[in-house]
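Beneath this line is the structure, given in structure tokens, with notes to follow.
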Amino acid sequence: MKEALRYYFSMKPRVLSGIQPTGNLHIGNYLGALKNWVRLQHDYECVFCIVDLHAITVYQDPAELRAKIDQTAALFLAAGIDPAISSIVVQSTVPAHAELCWLLTCVTPLGWLERMTQFKDKAAKQESVGDGLLQYPVLMAADILLYQARVVPVGEDQTQHLELTRDIAQRFNSLYGETFVMPETKLPAVGARIMGLDDPTKKMSKSETGAYHAVGLLDPPDLIRRKIMRATTDSLPGVDFDNLGPGVQNLLTIFQAFTGWTDEQVRSHFAGMRYGELKKTVAEAVVAGLEPIQQRYREITSEPGYLKRVLRESAERVAPIANSTVRLVKERMGIYTD
Ligand code: AQP
């Protein structure tokens, strides 16, 4: 059966998740989201988005953004997303995302948006706050509800936005009748919140520019080693599981998420280990975990036209699903559908 038909006739529940094409994807994005996606794609019908409309809620240099969109898509593939069974969609290429966002904006109370901690944090860093930043979680709700996704695999930082998505869906359903499936958040067992290497009290984030803050998915091995060797720990001499500081905890989480070791294996291997040795072990696990991704990334980006074809086919594949949801929502709201 042709790939597109196999997709349409799939009876699996749908998954939706996305990453902004801003900055450099880091191991937090990989362990909190991408790695989980790769596992889920065999049990669910998956749509993974490069959310460029979210990215422009704060100013982006246009040429840089355009390049990052392709880089992010290539990293999805390199991490193991299989375009024969999953769709990799650039959000702006499916106009229904923006259209549903507007329709949902009209049922979302302002107070719900003003309460969002990500909005408050990001707004506090800006001199002037654009309306797009406030609407960011409504656009995220639109991404999810557009595909009637049942499961949304994200890192812990997105759980409040997922709650809001459910609130918006519930409100729409109670105003206009049952329309949307209620999505569930799916956090990874290990790695839901990777912290900054330079400050383990803050989540690792693309928008933090410190040179030793994050390990990028495309960082060369020596840079990865240098960053991890510089990671902030504490003044204890070695790993004490009864007294773990946030920096050491973060390094152990990174190690465990990359290797898949159990809690018991981690405890017996690292108990009492000096921090220098711990860091070397973690660095080698990260280098080994990223090596095949970097290798595939080089292959994907050296194949002319491949990425464009994947993105075009994915957009064509999901557009009928997205358009039929928008049509249903417009019908329910009593506005023109054609
Ligand atoms: N530190 C993290 N640990 C675990 N999961 C994480 N995610 C992000 N950071 C971590 C998950 O990655 C997915 C994409 O998130 P994003 O595109 O919003 O990326 P970001 O790194 O949070 O980048 P930003 O938004 O550029 O940084 P800030 O927030 O500082 O402005 C999501 O599933 C997220 O949970």
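Both counts, for ligands and for their atoms, begin at 1 and track the order of listing.
The aromatic rings of His269 and Phe255 lie parallel to each other, with less than 30° between the two planes, well short of the 60° mark. Taking the six-membered ring where tryptophan is involved, the planes of Tyr147 and His97 are tilted, since the angle between them lies from 30° to 60°.
Scanning the protein for heavy atoms near atom 27 (O) of ligand 1, the closest one is Ser205 OG, 2.9 Å. At the top of the distance list for atom 34 (C) of ligand 1, counting protein heavy atoms only, stands Asp157 OD1, 3.3 Å. Looking at atom 12 (O) of ligand 1, its nearest protein heavy atom turns out to be Asn29 ND2, 3.1 Å. The closest protein non-hydrogen atom to atom 21 (O) of ligand 1 is His26 NE2, 2.9 Å. Looking only at heavy atoms of the protein, atom 5 (N) of ligand 1 is closest to Gly28 O, 3.2 Å. Looking at atom 26 (O) of ligand 1, its nearest protein heavy atom turns out to be Thr22 OG1, 3.4 Å. With hydrogens left out, the protein atom closest to atom 18 (O) of ligand 1 is Gln20 NE2, 3.2 Å, a heavy atom. Of the protein's non-hydrogen atoms, Lys203 NZ, 2.4 Å is the one closest to atom 22 (O) of ligand 1.
Residue Gly191 approaches ligand 1 through these ligand atoms, each under 4.0 Å from one of its heavy atoms: 4 (C). Within ligand 1, counting atoms from 1 as listed, the ones closer than 4.0 Å to a heavy atom of Gly32 are 4 (C), 5 (N). With ligand atoms numbered from 1 in the order given, ligand 1 contributes 14 (C) to contacts under 4.0 Å with heavy atoms of Gly18.
Residues Ala315 and Thr93 approach most closely at CB-OG1, 3.8 Å, considering heavy atoms.
With 3.5 Å as the limit, one finds a donor-acceptor pair spanning the side chains of Gln91 and Asp143. Side-chain contact, Gln295 with Glu299: a donor N or O sits under 3.5 Å from an acceptor N or O.
Considering both main-chain and side-chain atoms, Met204 comes within under 3.5 Å of ligand 1 through a nitrogen or oxygen pair. For a threshold of 3.5 Å applied to N or O pairs, the pair formed by Lys122 and ligand 1 contains at least one separation below that value. When only interatomic distances are considered, the shortest N/O to N/O separation between Ala33 and ligand 1 does not fall below 3.5 Å.
Contacts between Arg193 and ligand 1, counted as non-hydrogen atom pairs separated by less than 4.0 Å, involve the backbone only. Proximity of His54 to ligand 1, defined as any heavy-atom pair under 4.0 Å, is not found for any part of the residue. With a 4.0 Å heavy-atom cut-off, ligand 1 is reached by no atom of Gln118. Heavy atoms from both the backbone and the side chain of Ser207 come within less than 4.0 Å of ligand 1. Counting heavy atoms closer than 4.0 Å to ligand 1, residue Ser17 contributes nothing at all.
When the side chains of ILVMFWY residues are joined at heavy-atom separations under 4.5 Å, either directly or via intervening members, Leu244 and Val190 end up in two distinct hydrophobic clusters. Criterion: ILVMFWY side-chain heavy atoms under 4.5 Å apart, direct or through other members. Under it, Tyr136 and Leu104 are not part of a common hydrophobic cluster.
With respect to the salt-bridge test (charged N to carboxylate O, under 4.0 angstrom), the residues Glu114 and Lys120 do not qualify. Of the charged side-chain nitrogens involved, at least one lies within less than 4.0 Å of a carboxylate oxygen, so that Arg66 and Asp70 count as a salt-bridged pair. Taking a cutoff of 4.0 Å between a charged side-chain nitrogen and a carboxylate oxygen, Asp338 and Arg327 qualify as a salt bridge.
Note: Phe119 and His161 fail the aromatic proximity criterion, with ring centroids not under 6.0 Å apart.
A cation-pi arrangement is present between Arg230 and Tyr212, with the terminal nitrogen or guanidinium carbon under 6.0 Å from the aromatic centre and inside a 45° cone about the axis.
Closest heavy-atom approach to atom 4 (C) of ligand 1 among the candidates Ala55, Gly155, Ala192, Pro21: Ala192.
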